Amino acid sequence: MSENKIYKPKQISGFPEWLPEYRAVELAWMDKIRAVFERYGFCSIETPSVEEVDALLAKGGETEKEIYTLTRLHADDHDKDSRLALHFDLTVPLARYVAQHCNDLVFPFKRYQIQKSWRGERPQKGRFREFYQCDIDVVNVDGLPLHFDAELPAVMFEAYQSLDIPPVEMHISNRKIIIGYLQGLGVKDIPFVTRELDKIDKIGVDKTRLILAMHFELEAQELSSRERLDLAQKCLDIVQIQFADNGFVEKVRTLGVANDLLDEGLKELSFVMDNLKHLPQGSVIADLGIIRGLDYYTGTVIEVRFKDKPLSIGGGGRYDNLAGAFINQKLPGIGVSIGLTRLFAMLLDEGYIKPVAKCPTQILVVLPAEERRAEAAATAHSLRLRGVNVELYHSATKVKKQMSYAEKKGIPYVWFPPFEDGQPHEVKNMATGEQVQADPSVWKI
RNA sequence: GCGGCUGUAGCUCAGCGGUAGAGCGCCUGGUUGUGGUCCAGGAUGUCGUGGGUUCGAUCCCCAUCAGUCGCCCCA
């Protein structure tokens, strides 16, 4: 860049940033979420933004994530940092962390983690390349009581409720149900079928039925085309079951599939639903169409949405063997995650989030004149001693301009030190316009 | 990685083959120590970038970059 050429600022797609009056709201949300997490005894950890690529891929399996790797600008061909990459979620770092500090952690290990993650996917509405996730997970050695499967959704629900947002719905299922059911039906390629069933909302029922039927044909199962369609229909039947109570069990029974894993899943989901009865009616739905793409979920799966909106704003589930790729020990866990950035951006876009003051300043101390600077500074200092957020205007410009500054930044009070010797201090409430005499050594908001 | 749409003042956008406008915002003033309203002035743009057609392009063509929506996948 030459000196008379400026770099034109531009926004980088998928990397959101907010103005101060909105960032303050986001921060407040994090505080509220954090408070709920801590109320249930979760402790905080922070892991590095980067992990080794091998660590990130250890659990990924077939689906390769869009991972951002690190390189130095001046790296040579043998750059060692290229083995590092930004984490794409907080679960894999947790697995590595738990495996690494296994001996120093107390189990069941309950931790929360509010950090950014990065994914190199094409950004679009509600999808970012850099975003905050608020995770809570419980990891244990050996078994993990099923009660956690109910507690975590409850904690997450309470966190959502602590925010000023439209009501959310938690859709809960158990992977054992769909897997067991498909096994019972004799379906061979279960990963493919579940992936298609997961997309049913987008693709539509009829199209999904055809895709499945076609797939069964390719699998060369000894079925007539009529039977293939019936089988596809059977697959569709289960994922369309939704109940606000345990009615789903009976409904599944009427489909007439017998399988041990299916029974286990039904039992677990019933247990979870029973233990979430204290939540508001209609906010928890046993939704057997919830499958979730992540490979490591093995039991309970959760997805959170606003009513009437398909986009997920949070989710999670149980994994029987979280850290298996890092340690020779079985560590089951369950975790849920609030998609803070997606949630926030969505509501911001809809104009639902109202901006707050552009700064935390509570009082602006006016600088009446250059000769009064020492006194104005002392006034500001005195007010700060009582925990008030005070800003001192550093230029002895027109009072009009100083007040306009306070107005624009949303500062609620303006303090006037004496303009001449012997005069009293005064403070003005910008909202009401009321102005009274005050003593900076005792005044409080 | 692939496809559709878009790219003009800080923001939202209008415009036209002959080198540009509105609204909002911003700055100044409406006198001597007081904001929000009102009034009067004012500043601002290599018209995304690079080529091409043309006497001449911001407007036409090509490329490129960026944004955006969708596919894939997912919070």
Side-chain angles (χ1 to χ4, degrees), chain A residues 2 4-16 19 60 62-67 87-91 114-135 156 160 168 195-196 198-199 201-203 291-295 297 301-306 309-317 335-346 349 364-369 372 376 393 396-420 423 425-436:
Chain A
S2 62
N4 54 4
K5 197 152 193 177
I6 61 165
Y7 174 82
K8 194 173 184 182
K10 54 192 175 228
Q11 136 191 32
I12 304 174
S13 174
F15 291 80
L19 289 170
E62 44 196 299
T63 49
E64 239 184 66
K65 310 278 178 196
E66 289 288 355
I67 294 175
H87 59 235
F88 54 84
D89 70 8
L90 299 176
T91 306
I114 298 177
Q115 280 182 244
K116 282 178 171 172
S117 292
W118 295 266
R119 290 182 196 177
E121 299 157 334
R122 272 273 178 287
Q124 48 188 273
K125 195 180 219 154
R127 292 180 56 183
F128 300 93
R129 298 201 278 198
E130 176 179 65
F131 54 95
Y132 276 112
Q133 284 181 302
C134 313
D135 274 37
M156 181 156 76
Y160 280 108
V168 299
R195 201 166 37 219
E196 289 307 314
D198 200 30
K199 288 193 286 194
D201 284 341
K202 264 188 186 172
I203 297 185
I291 295 167
R292 313 220 85 218
L294 291 174
D295 332 305
Y297 291 136
V301 280
I302 304 133
E303 199 160 297
V304 186
R305 308 171 190 158
F306 288 122
K309 280 188 195 152
L311 208 57
S312 161
I313 52 170
V336 292
S337 173
I338 296 175
L340 180 64
T341 299
R342 171 178 284 186
L343 178 65
F344 190 80
M346 195 188 288
D349 190 49
L364 177 76
V365 173
V366 162
L367 181 60
R372 298 262 155 199
Y393 203 90
T397 54
K398 294 188 173 182
V399 174
K400 190 187 177 88
K401 190 170 181 184
Q402 301 192 38
M403 292 194 69
S404 165
Y405 172 78
E407 163 69 23
K408 279 187 283 190
K409 280 185 94 176
I411 299 171
Y413 291 94
V414 171
W415 191 279
F416 299 96
F419 281 69
E420 286 163 39
Q423 284 185 333
H425 289 259
E426 291 185 5
V427 64
K428 177 166 191 161
N429 180 325
M430 292 295 278
T432 64
E434 184 190 17
Q435 185 166 332
V436 296

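All of these numbers come straight from a predicted model, not from anything done at the bench. Sequence lines set the chain letters: A, B, ... in the order given, protein chains first and strands last, and positions in each chain run from 1.
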Between [X] and [N], does any side-chain N or O lie under 4.0 Å from OP1 or OP2?
X: Ser13(A); N: U68(B); value: yes
X: Lys400(A); N: U34(B); value: no
X: Gln124(A); N: C69(B); value: no
X: Lys401(A); N: C26(B); value: no
X: Lys398(A); N: G29(B); value: yes

When the distance from [atom1] of [X] to [atom2] of [N] is rounded to whole Å, what number comes out?
X: Ile338(A); N: C74(B); atom1: CD1; atom2: P; answer: 21 Å
X: Leu311(A); N: C69(B); atom1: CG; atom2: C1'; answer: 14 Å
X: Ile67(A); N: C74(B); atom1: CD1; atom2: C1'; answer: 13 Å
X: Arg119(A); N: G1(B); atom1: CZ; atom2: P; answer: 19 Å
X: Arg305(A); N: A75(B); atom1: CZ; atom2: C1'; answer: 13 Å
X: Tyr297(A); N: C74(B); atom1: OH; atom2: C1'; answer: 11 Å
X: Ile291(A); N: A75(B); atom1: CD1; atom2: C1'; answer: 18 Å
X: Asp198(A); N: C72(B); atom1: CG; atom2: C1'; answer: 14 Å

In whole Å, what separates the [atom1] atom of [N] from that of [M]?
N: A63(B); M: C72(B); atom1: C1'; result: 27 Å
N: G51(B); M: G56(B); atom1: P; result: 15 Å
N: C27(B); M: C65(B); atom1: C1'; result: 34 Å
N: U58(B); M: G50(B); atom1: P; result: 11 Å
N: G48(B); M: G7(B); atom1: P; result: 8 Å
N: G4(B); M: C61(B); atom1: P; result: 15 Å
N: C59(B); M: G15(B); atom1: C1'; result: 9 Å
N: C5(B); M: U64(B); atom1: P; result: 16 Å

Decide yes or no, distance alone: a donor-acceptor N/O pair under 3.5 angstrom between the base of G33(B) and the side-chain of Gln423(A).
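Flag set: donor-acceptor pair detected.
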Does a distance-only test, which skips hydrogens and angles, find a donor-acceptor pair under 3.5 Å between the side chain of Arg127(A) and the base of A75(B)?
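Per atom types, no contact qualifies.
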Please name the nucleotide paired to [N] by Watson-Crick or G-U wobble geometry with both distances under 3.5 Å, or report none.
N: G35(B); value: none
N: A75(B); value: none
N: C47(B); value: none
N: G67(B); value: C5(B)
N: U53(B); value: none
N: G41(B); value: C27(B)
N: A22(B); value: U12(B)

Can you list the steps and then say if Tyr413(A) with Leu364(A) is a side chain to side chain contact (heavy atoms under 4.5 Å, CB included)?
CA-CA 6 Å; Tyr413(A) 291 94; Leu364(A) 177 76; over 6 Å; no
Take Gln435(A) and Val414(A), measure what side chain to side chain contact (heavy atoms under 4.5 Å, CB included) needs, and give me the verdict at the end.
CA-CA 9 Å; Gln435(A) 185 166 332; Val414(A) 171; over 6 Å; no
Below 4.0 angstrom, N of the basic side chain to O of the carboxylate: do Lys428(A) and Glu426(A) qualify?
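Here Lys428(A) does not pair with Glu426(A) in a salt bridge, since their nearest N and O are not under 4.0 Å apart.
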Which is true for [X] with a 4.0 Å heavy-atom rule: it touches a base, it touches only sugar-phosphate, or it touches nothing?
X: Glu130(A); answer: nothing
X: Tyr405(A); answer: nothing
X: Phe128(A); answer: base
X: Glu303(A); answer: nothing
X: Ala345(A); answer: nothing
X: Ile12(A); answer: sugar-phosphate
X: Lys428(A); answer: base

Is there a donor-acceptor pair under 3.5 Å between the side chain of Ser337(A) and the backbone N or O of Gly316(A)?
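Checking the backbone N and O of Gly316(A) against the side chain of Ser337(A), no donor-acceptor pair under 3.5 Å is found.
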Judged by atom type as modelled, is there a donor-acceptor pair below 3.5 Å linking the side chain of Arg129(A) to the main-chain atoms of Phe15(A)?
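Answer holds: no.
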Taking the nucleotide of RNA chain B with the nearest heavy atom to each, does Ser312(A) or Lys125(A) sit closer to the 5' end?
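It is Lys125(A), whose closest nucleotide lies nearer the 5' terminus.
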Identify, between Gln435(A) and Arg342(A), the residue whose nearest nucleotide on RNA chain B lies closer to the 5' end.
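Nearest-nucleotide comparison on RNA chain B picks Gln435(A).
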Does the plane of the ring in Trp118(A) sit parallel, tilted or perpendicular to the ring in His87(A)? Use 30° and 60° as the thresholds.
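Tilted.
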Evaluate side chain to side chain contact (heavy atoms under 4.5 Å, CB included) for Met430(A) paired with Ile411(A), printing each intermediate quantity in order.
CA-CA 8 Å; Met430(A) 292 295 278; Ile411(A) 299 171; over 6 Å; no
By centroid distance (under 5.5 Å) and plane angle (under 30°), are Phe131(A) and A75(B) in a stacked arrangement?
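Stacked: ring centres under 5.5 Å, planes under 30°.
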Nearest-0.5 Å distance that lies between atom OH in Tyr393(A) and atom CG in Leu367(A):
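Answer rounded to 0.5 Å: 10.0 Å.
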Residue Glu407(A), side-chain atoms from C-beta onward, closest of G35(B), G29(B), G33(B):
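So the side chain of Glu407(A) is nearest to G35(B).
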Nearest listed nucleotide, side chain of Arg122(A), among C72(B), G1(B), U34(B)
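Ranking C72(B), G1(B), U34(B) by closest atom to the Arg122(A) side chain puts G1(B) first.
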Does the salt bridge (charged side-chain N to carboxylate O under 4.0 Å, His left out) test come out yes or no for Arg305(A) and Glu303(A), once each step is laid out?
CA-CA 7 Å; Arg305(A) 308 171 190 158; Glu303(A) 199 160 297; 3.5 Å; yes
